[in-house]
Amino acid sequence: MSKRSVAIAGPRADLDELESRDDAGLVRAWRRGDGRAAETLVRRHQKTVYRLVLRSTGDPSTADDITQKVFLKALTNLEQLKGDRAFQSWLMRIALNFSRSRGRGLSRWLRAPAEALARLRSESPGQDEIIDKSRMSQRIRAAMEKLPKRQQRIVRLRLYAELPFKSIADTVGTTEASAKVTYHNAIQTLRRQVRGRA
Amino acid sequence: MKRPCEEWSDACVDAAEDHINAPFASHLEKCDACREAVERLRDDLELLKPDPSPVPGPWLAKSIRHKAEAERERRPSRLLLLAPAAAAAAVLVILALIASWTAETVDSPVIAEAPSDSTPFPGHDILQPGEDSTLVLNDIWEEDWGPGVYGLLAGADDDDLIRILENIPP
Ligand SMILES: [Zn+2]
(Lines give C-alpha, C1' and ligand atoms only; values in the text may rest on other atoms or scores of the structure.)
Protein backbone atom coordinates (compact mmCIF):
# COMPACT_ATOMS: atom_id res chain seq x y z
CA MET A 1 0.00 0.00 0.00
CA SER A 2 2.64 2.48 1.05
CA LYS A 3 4.86 1.20 -1.76
CA ARG A 4 2.12 1.99 -4.26
CA SER A 5 1.56 5.51 -3.04
CA VAL A 6 5.29 6.21 -3.36
CA ALA A 7 5.24 4.86 -6.90
CA ILE A 8 2.30 7.10 -7.82
CA ALA A 9 3.77 10.18 -6.13
CA GLY A 10 6.39 10.80 -8.86
CA PRO A 11 9.10 13.44 -9.28
CA ARG A 12 6.90 16.44 -8.40
CA ALA A 13 6.13 14.99 -4.96
CA ASP A 14 9.84 14.25 -4.53
CA LEU A 15 10.61 17.91 -5.19
CA ASP A 16 7.94 19.04 -2.74
CA GLU A 17 9.43 16.72 -0.17
CA LEU A 18 12.88 18.25 -0.75
CA GLU A 19 11.50 21.79 -0.47
CA SER A 20 10.06 20.93 2.91
CA ARG A 21 13.46 19.91 4.32
CA ASP A 22 15.63 22.34 6.23
CA ASP A 23 19.11 23.29 5.00
CA ALA A 24 20.85 20.70 7.15
CA GLY A 25 18.66 17.96 5.65
CA LEU A 26 19.41 19.15 2.13
CA VAL A 27 23.14 19.34 2.86
CA ARG A 28 23.02 15.72 4.07
CA ALA A 29 21.14 14.64 0.93
CA TRP A 30 23.62 16.45 -1.35
CA ARG A 31 26.51 14.86 0.54
CA ARG A 32 24.94 11.49 -0.24
CA GLY A 33 24.89 12.47 -3.91
CA ASP A 34 21.37 13.81 -4.49
CA GLY A 35 21.80 16.58 -7.08
CA ARG A 36 18.24 17.81 -6.62
CA ALA A 37 19.08 18.69 -3.02
CA ALA A 38 21.87 20.95 -4.27
CA GLU A 39 19.48 22.60 -6.71
CA THR A 40 16.94 23.15 -3.94
CA LEU A 41 19.60 24.77 -1.73
CA VAL A 42 20.54 27.11 -4.56
CA ARG A 43 16.93 28.05 -5.27
CA ARG A 44 16.40 28.76 -1.59
CA HIS A 45 19.39 31.09 -1.21
CA GLN A 46 20.09 32.44 -4.69
CA LYS A 47 18.15 35.69 -4.34
CA THR A 48 20.05 36.66 -1.20
CA VAL A 49 23.46 35.82 -2.64
CA TYR A 50 22.66 37.49 -5.96
CA ARG A 51 21.45 40.70 -4.28
CA LEU A 52 24.60 40.88 -2.18
CA VAL A 53 26.86 40.28 -5.15
CA LEU A 54 25.08 42.62 -7.55
CA ARG A 55 24.78 45.50 -5.12
CA SER A 56 28.31 45.10 -3.78
CA THR A 57 29.90 45.06 -7.19
CA GLY A 58 27.40 47.29 -8.99
CA ASP A 59 28.00 45.25 -12.10
CA PRO A 60 25.07 43.21 -13.49
CA SER A 61 27.28 41.67 -16.18
CA THR A 62 29.30 39.68 -13.63
CA ALA A 63 26.65 39.07 -10.96
CA ASP A 64 25.45 35.76 -12.44
CA ASP A 65 28.98 34.53 -12.78
CA ILE A 66 30.05 35.44 -9.25
CA THR A 67 26.83 34.01 -7.80
CA GLN A 68 27.58 30.70 -9.53
CA LYS A 69 31.11 30.69 -8.18
CA VAL A 70 29.91 31.32 -4.64
CA PHE A 71 27.50 28.38 -4.76
CA LEU A 72 30.00 26.08 -6.44
CA LYS A 73 32.54 26.83 -3.71
CA ALA A 74 29.96 26.10 -1.07
CA LEU A 75 28.53 22.94 -2.63
CA THR A 76 31.77 21.29 -3.67
CA ASN A 77 33.65 21.95 -0.43
CA LEU A 78 31.14 20.85 2.15
CA GLU A 79 33.82 19.13 4.22
CA GLN A 80 34.66 22.59 5.47
CA LEU A 81 31.17 23.17 6.82
CA LYS A 82 31.81 22.04 10.33
CA GLY A 83 29.56 20.76 13.07
CA ASP A 84 26.25 22.50 13.40
CA ARG A 85 27.28 25.62 11.55
CA ALA A 86 24.40 26.81 9.43
CA PHE A 87 24.76 26.41 5.69
CA GLN A 88 23.44 29.92 5.10
CA SER A 89 25.93 31.73 7.32
CA TRP A 90 28.77 29.77 5.76
CA LEU A 91 27.48 30.55 2.26
CA MET A 92 27.16 34.25 3.08
CA ARG A 93 30.72 34.40 4.35
CA ILE A 94 31.91 33.01 1.05
CA ALA A 95 29.66 35.49 -0.78
CA LEU A 96 31.02 38.41 1.29
CA ASN A 97 34.59 37.48 0.42
CA PHE A 98 33.86 36.90 -3.25
CA SER A 99 31.88 40.07 -3.87
CA ARG A 100 34.26 42.19 -1.83
CA SER A 101 37.45 41.35 -3.64
CA ARG A 102 35.80 41.56 -7.05
CA GLY A 103 33.91 44.69 -5.99
CA ARG A 104 37.08 46.59 -5.24
CA GLY A 105 38.35 46.33 -8.76
CA LEU A 106 34.96 46.96 -10.25
CA SER A 107 34.22 50.07 -8.26
CA ARG A 108 37.44 51.54 -9.60
CA TRP A 109 36.36 50.50 -13.07
CA LEU A 110 32.90 51.98 -12.51
CA ARG A 111 34.22 55.45 -11.79
CA ALA A 112 33.48 56.67 -15.31
CA PRO A 113 35.40 59.74 -16.43
CA ALA A 114 33.52 63.03 -16.14
CA GLU A 115 33.64 63.68 -19.90
CA ALA A 116 31.97 60.36 -20.65
CA LEU A 117 29.14 61.17 -18.25
CA ALA A 118 28.77 64.69 -19.70
CA ARG A 119 28.55 63.24 -23.20
CA LEU A 120 25.94 60.74 -22.10
CA ARG A 121 23.93 63.57 -20.51
CA SER A 122 23.97 65.72 -23.64
CA GLU A 123 23.09 62.79 -25.89
CA SER A 124 20.14 61.65 -23.81
CA PRO A 125 18.82 64.27 -21.40
CA GLY A 126 16.35 61.80 -19.86
CA GLN A 127 19.33 59.91 -18.46
CA ASP A 128 20.00 62.62 -15.85
CA GLU A 129 18.11 60.96 -13.06
CA ILE A 130 19.61 57.57 -13.83
CA ILE A 131 23.11 59.03 -13.83
CA ASP A 132 22.53 60.83 -10.53
CA LYS A 133 21.18 57.63 -9.02
CA SER A 134 24.10 55.60 -10.22
CA ARG A 135 26.50 58.30 -8.96
CA MET A 136 24.81 58.10 -5.56
CA SER A 137 25.11 54.30 -5.51
CA GLN A 138 28.80 54.60 -6.32
CA ARG A 139 29.24 57.17 -3.58
CA ILE A 140 27.53 54.89 -1.11
CA ARG A 141 29.65 51.93 -2.20
CA ALA A 142 32.80 54.03 -1.86
CA ALA A 143 31.75 55.21 1.62
CA MET A 144 30.96 51.61 2.50
CA GLU A 145 34.48 50.51 1.63
CA LYS A 146 35.86 52.98 4.15
CA LEU A 147 33.87 51.51 7.03
CA PRO A 148 35.62 49.21 9.49
CA LYS A 149 35.38 45.63 8.17
CA ARG A 150 32.91 44.42 10.75
CA GLN A 151 30.53 47.34 10.13
CA GLN A 152 30.93 46.88 6.40
CA ARG A 153 29.90 43.23 6.55
CA ILE A 154 26.87 43.92 8.69
CA VAL A 155 25.69 46.81 6.50
CA ARG A 156 26.16 44.80 3.31
CA LEU A 157 24.32 41.82 4.74
CA ARG A 158 21.43 44.05 5.80
CA LEU A 159 21.16 46.69 3.07
CA TYR A 160 22.33 44.63 0.10
CA ALA A 161 21.47 41.02 0.95
CA GLU A 162 18.38 42.03 2.99
CA LEU A 163 19.09 39.30 5.53
CA PRO A 164 17.27 39.31 8.88
CA PHE A 165 19.44 40.39 11.81
CA LYS A 166 19.33 36.90 13.31
CA SER A 167 21.06 35.47 10.21
CA ILE A 168 23.48 38.42 10.10
CA ALA A 169 24.44 37.75 13.70
CA ASP A 170 25.09 34.07 12.87
CA THR A 171 27.17 34.98 9.84
CA VAL A 172 29.46 37.45 11.56
CA GLY A 173 29.44 35.59 14.87
CA THR A 174 27.75 37.98 17.25
CA THR A 175 24.39 38.57 18.94
CA GLU A 176 21.39 40.07 17.21
CA ALA A 177 21.38 43.12 19.52
CA SER A 178 25.06 43.75 18.95
CA ALA A 179 24.63 43.47 15.17
CA LYS A 180 21.91 46.13 15.35
CA VAL A 181 24.04 48.48 17.44
CA THR A 182 26.92 48.08 14.98
CA TYR A 183 24.52 48.70 12.10
CA HIS A 184 23.18 51.86 13.75
CA ASN A 185 26.72 53.23 14.22
CA ALA A 186 27.66 52.33 10.66
CA ILE A 187 24.62 54.10 9.20
CA GLN A 188 25.56 57.25 11.13
CA THR A 189 29.07 57.12 9.68
CA LEU A 190 27.72 56.51 6.18
CA ARG A 191 25.40 59.48 6.51
CA ARG A 192 28.31 61.77 7.34
CA GLN A 193 30.27 60.41 4.37
CA VAL A 194 27.45 60.48 1.85
CA ARG A 195 25.53 63.61 2.87
CA GLY A 196 28.56 65.55 4.06
CA ARG A 197 28.85 66.76 7.65
CA ALA A 198 25.33 66.59 9.11
CA MET B 1 21.99 67.16 17.95
CA LYS B 2 21.43 65.12 21.09
CA ARG B 3 22.76 61.59 21.27
CA PRO B 4 20.18 58.83 21.62
CA CYS B 5 20.32 56.65 24.74
CA GLU B 6 22.95 53.98 24.22
CA GLU B 7 20.89 51.17 25.69
CA TRP B 8 18.19 51.76 23.08
CA SER B 9 20.52 51.82 20.08
CA ASP B 10 19.32 48.44 18.76
CA ALA B 11 15.68 49.34 19.40
CA CYS B 12 16.16 52.49 17.27
CA VAL B 13 17.03 50.23 14.31
CA ASP B 14 13.88 48.15 14.82
CA ALA B 15 11.76 51.26 15.16
CA ALA B 16 13.23 52.81 11.99
CA GLU B 17 12.25 49.60 10.22
CA ASP B 18 8.75 49.79 11.72
CA HIS B 19 9.16 46.98 14.25
CA ILE B 20 8.74 49.05 17.38
CA ASN B 21 8.40 47.17 20.66
CA ALA B 22 6.20 48.27 23.56
CA PRO B 23 8.94 49.23 26.08
CA PHE B 24 10.74 51.36 23.48
CA ALA B 25 7.44 52.93 22.38
CA SER B 26 6.85 54.15 25.91
CA HIS B 27 10.48 55.34 26.15
CA LEU B 28 10.03 57.34 22.94
CA GLU B 29 7.11 59.19 24.47
CA LYS B 30 9.47 60.87 26.92
CA CYS B 31 12.83 60.90 25.06
CA ASP B 32 13.37 63.50 22.35
CA ALA B 33 16.88 62.28 21.51
CA CYS B 34 15.74 58.74 20.70
CA ARG B 35 12.76 60.05 18.73
CA GLU B 36 15.10 62.21 16.64
CA ALA B 37 17.50 59.30 16.21
CA VAL B 38 14.73 57.08 14.86
CA GLU B 39 13.60 59.78 12.43
CA ARG B 40 17.15 60.39 11.25
CA LEU B 41 17.78 56.69 10.84
CA ARG B 42 14.61 56.37 8.78
CA ASP B 43 15.77 59.18 6.48
CA ASP B 44 19.24 57.70 6.16
CA LEU B 45 17.92 54.25 5.34
CA GLU B 46 15.68 55.78 2.69
CA LEU B 47 18.72 57.44 1.12
CA LEU B 48 20.96 54.38 1.40
CA LYS B 49 18.33 51.91 0.23
CA PRO B 50 19.65 50.31 -2.96
CA ASP B 51 17.56 50.00 -6.10
CA PRO B 52 15.38 46.91 -6.30
CA SER B 53 17.48 43.99 -7.40
CA PRO B 54 16.49 41.77 -10.30
CA VAL B 55 16.28 38.10 -9.45
CA PRO B 56 18.57 35.51 -10.97
CA GLY B 57 17.15 33.58 -13.92
CA PRO B 58 15.48 30.21 -13.33
CA TRP B 59 18.33 28.52 -15.24
CA LEU B 60 20.86 29.46 -12.57
CA ALA B 61 20.01 26.76 -10.02
CA LYS B 62 20.05 24.03 -12.68
CA SER B 63 23.33 25.29 -14.10
CA ILE B 64 24.97 25.37 -10.67
CA ARG B 65 23.68 21.88 -9.90
CA HIS B 66 25.14 20.47 -13.10
CA LYS B 67 28.47 22.19 -12.56
CA ALA B 68 28.60 21.01 -8.95
CA GLU B 69 27.83 17.44 -10.03
CA ALA B 70 30.48 17.60 -12.73
CA GLU B 71 32.99 19.01 -10.28
CA ARG B 72 32.23 16.22 -7.85
CA GLU B 73 32.76 13.62 -10.57
CA ARG B 74 35.99 15.24 -11.64
CA ARG B 75 37.50 15.49 -8.20
CA PRO B 76 38.13 12.43 -6.05
CA SER B 77 36.28 12.65 -2.78
CA ARG B 78 38.13 14.62 -0.13
CA LEU B 79 37.26 11.84 2.26
CA LEU B 80 39.34 9.51 0.12
CA LEU B 81 42.20 11.98 0.17
CA LEU B 82 41.90 12.30 3.92
CA ALA B 83 41.53 8.58 4.54
CA PRO B 84 45.27 7.78 4.50
CA ALA B 85 45.91 10.59 6.99
CA ALA B 86 43.14 9.31 9.26
CA ALA B 87 44.53 5.77 9.05
CA ALA B 88 48.01 7.04 9.90
CA ALA B 89 46.63 8.93 12.89
CA ALA B 90 44.81 5.80 14.09
CA VAL B 91 48.03 3.77 13.83
CA LEU B 92 49.87 6.44 15.83
CA VAL B 93 47.21 6.37 18.55
CA ILE B 94 47.42 2.56 18.76
CA LEU B 95 51.22 2.70 18.88
CA ALA B 96 51.02 5.35 21.58
CA LEU B 97 48.60 3.22 23.60
CA ILE B 98 50.90 0.22 23.26
CA ALA B 99 53.85 2.40 24.27
CA SER B 100 52.03 3.70 27.31
CA TRP B 101 50.98 0.19 28.30
CA THR B 102 54.55 -1.07 27.85
CA ALA B 103 55.84 1.91 29.80
CA GLU B 104 53.45 1.17 32.65
CA THR B 105 54.57 -2.43 32.78
CA VAL B 106 58.23 -1.37 33.03
CA ASP B 107 57.25 1.36 35.50
CA SER B 108 58.61 4.29 33.50
CA PRO B 109 56.55 7.46 32.95
CA VAL B 110 55.77 7.79 29.26
CA ILE B 111 52.97 10.13 28.26
CA ALA B 112 50.99 8.91 25.30
CA GLU B 113 49.47 11.62 23.15
CA ALA B 114 47.49 11.49 19.97
CA PRO B 115 49.07 13.63 17.27
CA SER B 116 48.09 17.21 17.95
CA ASP B 117 46.50 19.43 15.32
CA SER B 118 49.01 22.08 14.41
CA THR B 119 46.92 23.44 11.58
CA PRO B 120 47.45 27.21 11.27
CA PHE B 121 43.72 27.64 10.84
CA PRO B 122 40.82 25.32 10.12
CA GLY B 123 40.52 24.13 6.58
CA HIS B 124 44.00 24.68 5.28
CA ASP B 125 45.08 21.09 5.56
CA ILE B 126 42.50 19.96 3.08
CA LEU B 127 43.21 22.62 0.50
CA GLN B 128 44.39 20.86 -2.59
CA PRO B 129 46.40 22.26 -5.48
CA GLY B 130 44.00 23.58 -8.07
CA GLU B 131 41.78 25.42 -5.61
CA ASP B 132 41.87 29.15 -5.19
CA SER B 133 42.22 30.93 -1.92
CA THR B 134 38.69 32.23 -1.52
CA LEU B 135 37.38 29.15 0.16
CA VAL B 136 40.04 29.27 2.81
CA LEU B 137 39.37 32.96 3.19
CA ASN B 138 35.79 32.31 4.19
CA ASP B 139 37.11 31.31 7.56
CA ILE B 140 39.49 34.19 8.13
CA TRP B 141 38.81 37.86 8.42
CA GLU B 142 41.25 40.62 7.65
CA GLU B 143 41.31 41.95 11.23
CA ASP B 144 42.35 38.55 12.58
CA TRP B 145 45.40 38.43 10.35
CA GLY B 146 46.26 42.04 9.59
CA PRO B 147 46.07 43.57 6.10
CA GLY B 148 49.54 42.37 5.12
CA VAL B 149 49.01 38.66 5.59
CA TYR B 150 45.38 38.82 4.51
CA GLY B 151 46.34 40.63 1.31
CA LEU B 152 49.01 38.06 0.68
CA LEU B 153 46.53 35.23 1.16
CA ALA B 154 43.79 36.91 -0.84
CA GLY B 155 46.06 37.61 -3.75
CA ALA B 156 47.93 34.34 -3.75
CA ASP B 157 47.35 31.69 -6.36
CA ASP B 158 46.73 28.10 -5.33
CA ASP B 159 50.25 26.79 -5.09
CA ASP B 160 51.53 29.97 -3.50
CA LEU B 161 48.81 29.78 -0.94
CA ILE B 162 49.69 26.26 0.10
CA ARG B 163 53.34 27.29 0.35
CA ILE B 164 52.46 30.36 2.43
CA LEU B 165 50.21 28.38 4.73
CA GLU B 166 52.94 25.87 5.32
CA ASN B 167 55.35 28.58 6.42
CA ILE B 168 53.46 31.31 8.22
CA PRO B 169 52.38 30.64 11.78
CA PRO B 170 48.93 31.96 12.75
ZN1 LIG C 1 16.26 57.81 24.82
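Order of the sequence lines sets the chain letters (A, B, ...), proteins ahead of strands, with each chain counted from 1. Small disclaimer: the values here were computed from a predicted structure and weren't measured. As a basis for the values below, the full set of heavy atoms in this structure was taken, side chains included, without hydrogen atoms, waters or symmetry mates.
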- Message: Just so I understand: if I count every heavy-atom pair under 4.5 Å between each of A:D64, A:L41, A:L190 and chain B, which residue has the most?
- Response: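 Top count of heavy-atom pairs under 4.5 Å with chain B: A:D64.
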- Any idea which of A:N185, A:L159, A:L75 has the most non-hydrogen atom pairs under 4.5 angstrom with chain B? A:L159
- Query: Can you find a side-chain donor-acceptor pair between A:R21 and A:T40 that sits under 3.5 Å?
  - Reply: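 Checked: A:R21/A:T40 side chains show no N/O donor-acceptor pair below 3.5 Å.
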- Using a cut-off of under 4.5 Å for heavy-atom pairs, which of B:A37, B:G57, B:A68, B:P4 has the most such pairs with chain A?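 Most pairs with chain A among the choices: B:A68.
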- Query: For chain A, which of B:V55, B:D44, B:V13, B:D51 has the most heavy-atom pairs under 4.5 Å?
  - Reply: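 Most heavy-atom pairs within the cutoff with chain A belong to B:D44.
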Heavy-atom distance under 4.5 Å to chain A: side chain of [X], backbone, both or neither?
| X | result |
| --- | --- |
| B:P54 | both |
| B:W8 | neither |
| B:E17 | side chain |

[X] with [Y]: basic N within carboxylate O range, under 4.0 Å:
| X | Y | value |
| --- | --- | --- |
| B:R35 | B:D32 | yes |
| B:R42 | B:E39 | yes |
| A:R43 | A:E39 | yes |

- Closest heavy-atom pair and its distance - A:V49, A:M92: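 For A:V49 and A:M92, the tightest heavy-atom pair comes out as CG2-SD, 4.1 Å.
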Let me know if [X] has heavy atoms under 4.5 Å from chain B in its side chain, its backbone, both or neither.
| X | answer |
| --- | --- |
| A:V194 | side chain |
| A:R51 | both |
| A:R158 | side chain |

- Query: Side chain of B:S9, backbone of B:E6: donor and acceptor closer than 3.5 Å?
  - Reply: no
- Side-chain (B:H66) to main-chain (B:K62) donor-acceptor, under 3.5 angstrom: yes
